[in-house]
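Both backbone and side-chain heavy atoms feed into the values below; hydrogens, waters and symmetry mates do not.
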Amino acid sequence: MAALQFFKCYKPLFRIQSRKIFITSDSSNKSFLKTNRKIVKFLCSSSISLGHSNSSKTSGYCEDDKKSEKNQLWLYNTMSKERELFKPKVDGKVGMYVCGVTAYDLSHIGHARVYVSFDILFRYLRFMGYEVNYVRNFTDVDDKIIARAGELGEDPISLSRRFCEEFHRDMGYLHCLPPTVEPRVSDHMPQIVDMIKQILDNGRAYRIEGDVYFSVDEFPQYGRLSGRKLEDNRAGERVAVDSRKKNPADFALWKSAKEGEPFWESPWGPGRPGWHIECSAMSAAYLGYSFDIHGGGMDLIFPHHENEIAQSCAACDKSNISYWIHNGFVTIDSLKMSKSLGNFFTIRQVIELHHPLALRLFLIGTHYRSPINYSDVLLESASDRAYYIYQTLQDCEEVAGQQLDPSQKENIPTEIVDCIKKFNDVFLTSMSEDLHSPVVLSALSEPLKTANDLLHTRKGKKQGMRIQSLAALEKTVRNVLNILGLMPTSYHEVLQQLREKALKRAKLTEDQVLEKIQERNAARKNKEYERSDAIRKDLSTLGIALMDTPNSTTWRPAVPLAMQEQCVPES
């Protein structure tokens, strides 16, 4: 019996054949691992490296660097309330579980923030050379799903399955890599029932008329994650009032069947699981009771993750998760964005007018643990920044017309080497400090400015080894964008899409913009400068900027004139 108990604590409840991680409809995501290996192979052999040039070691897939101090990652652990050095339980491998959506509606940008944040962590861990087993569940059995299905006259499981597919589309739009495995509650009833049996056998739960409740009084450590006391666990989000409970804070592990609701058989009669037990059972099934990272939004700290800890430890006293990671809220007027408050925008609503990569840029432009206040101004600013980044890189690609040959590194001017090294140092330092992506995005300014000087200024065009310098700058920025999930399939394609979104926001067609340009050209030719300026200002007000060259006038998306003063200048 002792050997069996040991097995249950440290091994998955059943063996899973996980599918390949990098399967996605986005071709840029399909090649992520292959691309990163090429990146690091080049970085390890070149002085233009993603690391410190005074060392033979660089971060990435270099085998001799896995234990290098430069390959460290510090993460803020909600459990300890401190920043901690990340050390996986098994060398070279990481087990990570992130609570997924309750699939009964389209996901909002609060959800987008959760999964973009953990996609960044997933990507960066893999960039560091770890083999990551990333588990993200779907809750497809829940009160909210049943209620919504009742409103629509649809089978709850069918409704949930439909919104799971919609969620996959949203994640594809946002360039989120698929997790290793995506378990669904409805497929894991045997594992859930088995865990509830263990909890009952260990005297940490009790039965009432077909229901099973967890007894918080039997778990003295309850509250250690959130720092809250038992009396704080009042009726509220998914915490039902039930006078039959021994303690008001006790929560349901199993709910007896109600008429018209889906149910499964169990030793306690027909019913369905409580919300919290689902994640404990599925994480144990795929990662065991002891694994590295458990993540989700800050709203899950209490009671969901607190309850997960209690019931997992009640099932197996060796249960241990090393790092609890939580991202901050998306707010509107300082209130958390949520479906329950009705103050949310779905991902689909946002990307109807803004490019998904602009939304991703907006989300990672704030540190993942800090709140983000959603606003049209900030999305406009992110769209403008995205256009600038991709336009610069496309110009580099067009002028260079070739990839940088590592053998030519000696020919790149010292100032370009220094610019690249400085940017790569900032990237590694910032990402290793609790994934400080905003600092990386800010640091992009220097290599992009350097590239634009080489592209467009008289002095830059005369620089020696200009072509090689542009190729090196483009490749450096592209490598980092790839790790951040901001790399499009092609620069030309994303620029055209950003232009289309800008036209849609302006409620104009491109033909109408071109007509305005022709009208302005005629006014300038006739020296009607007031008329010419008025046309430019009218378009600028709508977010369309005109750019004059000696030979022609073109247009590009821009932050609408009225919003420009509200944009926070980049530091």
Counting only heavy atoms not in [X] (residues, nucleotides, ligands), do more than 12 fall under 6.0 Å from its [atom1]?
X: H456; atom1: NE2; result: yes
X: E131; atom1: CD; result: no
X: K81; atom1: NZ; result: yes

key: T346, L106, V101, I347 screened by side chain to side chain contact (heavy atoms under 4.5 Å, CB included) with E166, the one that passes   =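 Testing each of T346, L106, V101, I347 against E166, the sole residue satisfying side chain to side chain contact (heavy atoms under 4.5 Å, CB included) is L106.
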key: Option among K504, R505, Q349, K501 that satisfies the side chain to side chain contact (heavy atoms under 4.5 Å, CB included) test with H354   =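 So the option named by the test is R505.
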query = Taking the six-membered ring of Y115 as reference, does the NZ or CZ atom of R136 fall below 6.0 Å from its centre and within a 45° cone about the axis?
reply =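 Yes, R136 lies over the aromatic ring of Y115.
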Nearest atoms (heavy-atom pairs only) where L361 meets A386 =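 Closest heavy-atom pair between L361 and A386: CD2-N, 3.8 Å.
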key: Step-by-step side-chain hydrogen bond (donor to acceptor under 3.5 Å, both in side chains) determination, E474 to Y491   = CA-CA 11 Å; E474 187 273 334; Y491 299 134; 2.6 Å; yes
I'd like to know if [X] pairs up with [Y] as an ion pair, taking the criterion as any Lys NZ or Arg NE/NH1/NH2 lying under 4.0 Å from an Asp or Glu carboxylate oxygen.
X: K461; Y: D453; value: no
X: D140; Y: R162; value: no
X: R499; Y: E510; value: yes

request  = Scan side-chain atoms only and decide if T553 and D548 contain a donor-acceptor pair under the 3.5 Å cut-off.
outcome  =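 On atom types as modelled, these side chains qualify, holding a pair under 3.5 Å.
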ask   = Is the backbone of M547 close enough, under 3.5 Å, to the side chain of R556 for a donor and an acceptor to pair up by distance?
value =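 Side chain of R556 to backbone of M547: no pair is present.
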request  = Could you tell me whether the side chain of R360 and the main chain of L484 form a donor-acceptor pair under 3.5 Å?
outcome  =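 Side chain of R360 to backbone of L484: a pair is present.
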key: salt bridge (Lys or Arg N to Asp or Glu O under 4.0 Å) partners of residues 367-379, not counting sequence neighbours, each pair once   =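 Applying salt bridge (Lys or Arg N to Asp or Glu O under 4.0 Å) to every pair that reaches into residues 367-379, excluding sequence neighbours, yields R369-D434.
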